[in-house]
K.L.:
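Would you mind keeping the following structure in view while I ask a few things?
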Number of protein chains: 2
Amino acid sequence: MKKTEELSERTIERLTLYRRLLSDLREKGLEHIYSHQLAEFISNTPAQIRRDIMMIGYVANSKKGYTITDLIEKIDSVLSCCDSRIALVGIGNLGRAILSYFNQQHSALRIVAAFDNDESRINRVIAGCRCYPIRILKEKVEEEKISLGIITVPGQSAQDVADILADAGIRGILNFAPVPVKVPDGLYADRIDITTAIEKVAYFANCKSNKK
Amino acid sequence: MKKTEELSERTIERLTLYRRLLSDLREKGLEHIYSHQLAEFISNTPAQIRRDIMMIGYVANSKKGYTITDLIEKIDSVLSCCDSRIALVGIGNLGRAILSYFNQQHSALRIVAAFDNDESRINRVIAGCRCYPIRILKEKVEEEKISLGIITVPGQSAQDVADILADAGIRGILNFAPVPVKVPDGLYADRIDITTAIEKVAYFANCKSNKK
DNA sequence: AACTGTGAATGCCTTCACAGCT
DNA sequence: AGCTGTGAAGGCATTCACAGTT
């Protein structure tokens, strides 16, 4: 596989979005698309789209713009370098919601096991995914060849869970807890902070309407 | 109120995090904190912390570093310029999870009404929040003086819901649907894209371990 | 001595603007 | 004529590095 020059986080985020959008468009029977059309759909600039696509080395093959099927395939080849089996820890409301939300749509990436300390939450099956006690996490991770973890436990347990995941040999973590966690080098961690997002909207919504 | 020079999105995000962290620390009895300690907690640099705090015009009052209570108060005064009543649209798994997750912790910002088209989901009360049919959204928004909206409907309905919210006079939107929505000028919209976040972790987790 | 506040430097990301292609 | 691919410019955000403060 041709080694593309290091893609930035922002670019990767947009590529995943392009892929989803392009799949929709393809299903609607569209075959080609221009950068300015794509830009319009996602409220971005044509130049940004062109540069992202340039970064992954796809070249439009005609005056018709990008060939949707080929472009999807190219994005796939860039993104799907990835391992695909995920563990989710914390089977509360949010954990369950993410489980069903995510496992419905996807195939290449899948949450294959869920974990919790609360006995009443284990041994169930949610969205095709069985629930286990945390104490057998490491064992399951090895057995099921899981390489990613999602943390949906309360803030005060998040670091503990991150440590357990790291110890189990996981390589990437997505953390929904309201606090950041520390992970060893070589392990990638990202965070979705719902509280921050809402507070941020509150702040800027207010600024914006004061401005006008 | 002193008009602070336009704060960036990134700065606001960090400020909300600082506030949460500082509240925790205060509850643990801590009174003062240095920038490098705060930095350590959230895996950031002391310089970043100092600049953020500088941006909101708070000045450390002694060699002991920042006074936690005063700093919290200062952050509050910056962030709480905001209106505080929120409507959530889409009472599926994710919507319900966010409702209970968010309404448990907060007081200044609150989800006060939830909406859905599905009759089986209405007239319930979740986390202290009553559920209504979408057709009465505008009326409720006015009655309850709601100024922010959270979208947790499937992608194909997201734009419709955004339009309804915009028409109802909402000023800010947080969109959890997997597609961006277009909103009129003067309305602030942000997005949390769970699918993108997971795919991104998958990508970088893999890159990182290939690197070493 | 050890911290903060901050101008200046750096680095990253986006946008411009235009040559080249069809 | 109208699009893409891309070097260069511009704009933001972070980090450096040090003067000022207690």
K.L.:
Take atom OH of B/Y58 and atom P of C/dC3, then tell me their distance rounded to the nearest Å.
P.N.:
17 Å

K.L.:
Rounded to whole Å, how long is the line connecting atom CG of A/D52 with atom C1' of C/dC13?
P.N.:
10 Å

K.L.:
Kindly say if B/R51 contacts the phosphate of C/dG5, meaning a side-chain N or O under 4.0 Å from OP1 or OP2.
P.N.:
no

K.L.:
Nearest-Å distance, CZ (B/R14) to P (D/dC12)?
P.N.:
16 Å

K.L.:
Pair A/E13, A/R10 - check side chain to side chain contact (heavy atoms under 4.5 Å, CB included), show working.
P.N.:
CA-CA 5 Å; A/E13 288 174 7; A/R10 290 293 177 82; 4.1 Å; yes

K.L.:
What's the NE2-C1' distance between A/H32 and C/dT22, to the nearest Å?
P.N.:
14 Å

K.L.:
State which residue, out of B/V141, B/I164, B/I86, B/V183, fulfils the side chain to side chain contact (heavy atoms under 4.5 Å, CB included) condition with B/I170.
P.N.:
B/V141

K.L.:
I want to check one thing: is the phosphate of D/dT15, taken as OP1 and OP2, less than 4.0 Å away from some side-chain N or O of B/T45?
P.N.:
yes

K.L.:
Reckon B/S35 has a side-chain N or O less than 4.0 Å from the OP1 or OP2 of C/dT4?
P.N.:
yes

K.L.:
Grab the two heavy atoms, one from B/S100 and one from B/A127, that are nearest each other, plus how far apart they are.
P.N.:
CA-CB, 3.8 Å

K.L.:
Over how many whole Å does the gap from A/Q48 atom CD to D/dG5 atom C1' extend?
P.N.:
14 Å

K.L.:
May I have the distance from B/M55 (atom CE) to C/dT6 (atom P), rounded to whole angstrom?
P.N.:
11 Å

K.L.:
Rounded to whole angstrom units, what separation is found between the CD1 atom of A/I53 and the P atom of C/dT14?
P.N.:
14 Å

K.L.:
Taking all non-hydrogen atoms of both residues, which atom of B/G95 and which atom of B/L88 are closest, and how far apart?
P.N.:
O-CD1, 3.7 Å

K.L.:
Any side-chain N or O of B/Y66 less than 4.0 Å from the OP1 or OP2 oxygen of C/dG5?
P.N.:
yes

K.L.:
Atom CG of A/L38 and atom C1' of D/dG5: how far apart are they, to the nearest Å?
P.N.:
16 Å

K.L.:
Going 5' to 3' along nucleotides 17-22 of chain D, which nucleotides have protein heavy atoms under 4.0 Å from the base (write B), which only from the sugar-phosphate (write S), and which from neither (write -)?
P.N.:
B----B

K.L.:
Among A/I49, A/L17, A/L25, find the residue that satisfies the side chain to side chain contact (heavy atoms under 4.5 Å, CB included) test when tested with A/F41.
P.N.:
A/L25

K.L.:
When A/F115 is tested against each of A/V153, A/L165, A/L137 for side chain to side chain contact (heavy atoms under 4.5 Å, CB included), which residue passes?
P.N.:
A/L137

K.L.:
If you take all heavy atoms of A/E9 and A/Y188, which pair is closest and at what distance?
P.N.:
OE2-OH, 3.0 Å

K.L.:
Look at the side chain of B/A60 and decide which nucleotide, out of C/dG5, D/dT15, D/dC3, has an atom nearest to it.
P.N.:
C/dG5

